[in-house]
Amino acid sequence: MTSAPVLRVQDLRADVAGQQVVEHVDLEVTPTGVTALLGRNGVGKTSTIKAVMGLVGRSGTIELDGQDISTLPTYRIAGLGVGYVPEDREVFSALTVSENLRLAERRGSEHRYDLVYELFPELSERGQQAAGTLSGGQQQMVSLARALLNDNRVLLVDEPTKGLAPRLVTEVAHALARAADVVPVLLVEQNLQVVRDLASTVVVLTDGRSVHHGDASSFLSDPVATQRLLGVHGGKDPAGAV
């Protein structure tokens with residue numbers, strides 16, 4: 001018996017500054033593990049994530065555990081347990097690391113500081129440091145930690161390894177793998193090796209439309225499909241990125 005998806009999106013359309021950037025996206029996030037949202041640059045991946053969060057104009061059906069959230073404002077969606085890690089981190093630069101985390105605490109939720117500091121011990125050591133003085137990798141840790149702090153029903157994670165050194169890519173991927181043990185993740189990610197390591201399912205976008213849904217391993221091992229839809233050769237090339 002197949003479990004119902006925790007997040008279901010049907011016929012999603014979204015516009016940014018009056019321009020339609022998502023034309024028809026269908027996707028489902030399984031109750032466990034990582035679902036990767038892939039596609040070439042500019043096809044609407046980030047806009048899809050923002051539309052689910054209510055950060056851009058959108059229409060269509062968005063259901064969280066069967067509840068329609070497509071007309072709710074962003075704060076209500078977050079309050080229902082949708083965690084969001086934006087592409088550009090968006091930490092509060094003038095506030096300390098500890099203050100950034102305290103601001104993320106959601107009333108009525110368990111606050112998992114033990115998990116956060118287990119995954120990112122450096123954040124505990126730098127608790128009184130202004131977030132704006134951290135390196136890009138450290139700021140990414142803060143952004144992930146804010147989402148992992150609460151007992152969320154699903155995480156939307158946008159380009160978590162973008163611009164990071166290889167060591168930090170490995171660290172972030174490890175944190176996401178641990179997170180996926182306790183909460184399902186919808187992941188936008190350019191590094192195909194990270195996708196191979198984490199994702200069980202992929203959804204591929206082309207020109208604002210979802211054009212492929214299926215098993216991650218099968219898709220990424222098909223060089224014809226990855227070249228056609230992503231513009232890169234899949235197969236066994238660990239350096240592939242999209």
Is there a path of hydrophobic side-chain contacts, each under 4.5 Å between heavy atoms of I/L/V/M/F/W/Y residues, joining [Y] to [X]?
X      : Y      : value
Leu95  : Tyr113 : no
Val182 : Leu64  : no
Val116 : Val142 : yes
Leu7   : Val157 : no
Val232 : Val202 : yes

Roughly how far, to the nearest 0.5 Å, is [atom2] of [Y] from [atom1] of [X]?
X      : Y      : atom1 : atom2 : result
Arg58  : Leu12  : CZ    : CG    : 8.5 Å
Asp215 : Thr201 : CG    : OG1   : 7.0 Å
Leu144 : Arg89  : CG    : CZ    : 10.0 Å
Met53  : Ile62  : CE    : CD1   : 10.5 Å
Asp26  : Arg8   : CG    : CZ    : 10.5 Å
Leu119 : His174 : CG    : NE2   : 6.0 Å

Using a 4.5 Å cut-off on heavy atoms from C-beta on, say whether the side chain of [Y] contacts that of [X].
X      : Y      : value
Val9   : Glu28  : no
Leu115 : Arg178 : yes
Ser70  : Thr61  : no
Leu80  : Ile69  : yes
Thr30  : Pro5   : no
Thr48  : Leu186 : no
Gln138 : Phe120 : no
Tyr117 : Leu101 : yes

Do side-chain atoms of [X] reach the backbone of [Y] as a donor and acceptor pair under 3.5 angstrom?
X      : Y      : answer
Asn100 : Phe92  : yes
Glu23  : Arg209 : no
Ser98  : Gly127 : yes
Thr226 : Pro223 : yes
Lys45  : Arg40  : yes
Asn152 : Val183 : no
Ser143 : Val85  : no
Asn150 : Ser109 : no
Arg112 : Leu148 : yes
Gln20  : Val22  : yes

Could you walk me through whether Val21 and Asp15 pass the side-chain contact (heavy atoms from CB on, under 4.5 Å) check? CA-CA 5 Å; Val21 291; Asp15 61 86; 5.8 Å; no

From CA spacing to verdict: side-chain contact (heavy atoms from CB on, under 4.5 Å), Met141, Leu168: CA-CA 9 Å; Met141 293 177 194; Leu168 289 172; 3.7 Å; yes

Looking at [X] and [Y], what are the two nearest heavy atoms and their distance?
X      : Y      : answer
Gly54  : Thr74  : O-OG1, 3.2 Å
Ala177 : Leu198 : CB-CD2, 3.6 Å
Pro160 : Glu189 : CD-OE1, 3.3 Å
Gln139 : Leu134 : NE2-O, 3.3 Å
Ala14  : Ser47  : CB-O, 4.4 Å
Leu155 : Ala147 : CD2-O, 3.8 Å

Give a yes or no on this: more than 12 heavy atoms of other residues, nucleotides or ligands lie within 6.0 Å of atom CG of Asp68.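 For Asp68, atom CG is crowded (more than 12 foreign heavy atoms under 6.0 Å).
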
Other residues, nucleotides, ligands: >12 heavy atoms within 6.0 Å of Asp114 CG: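 For Asp114, atom CG is not crowded (no more than 12 foreign heavy atoms under 6.0 Å).
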
Do Tyr84 and Glu90 pair up side chain to side chain, a donor and an acceptor below 3.5 Å, judged on atom types alone?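 Checked: Tyr84/Glu90 side chains show no N/O donor-acceptor pair below 3.5 Å.
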
Any Lys/Arg nitrogen of Arg13 or Asp11 sitting under 4.0 Å from an Asp/Glu carboxylate oxygen of the other?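 Result for this pair is yes, salt bridge flagged.
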
Set out, in order, the CA-CA distance, both residues' side-chain angles and the distance that settles side-chain contact (heavy atoms from CB on, under 4.5 Å) for Val34 and Leu176, then state yes or no. CA-CA 9 Å; Val34 176; Leu176 287 171; 5.8 Å; no

Does Val203 form a side-chain contact (heavy atoms from CB on, under 4.5 Å) with Ser210? I'd like the steps, not just the answer. CA-CA 7 Å; Val203 178; Ser210 51; 4.1 Å; yes

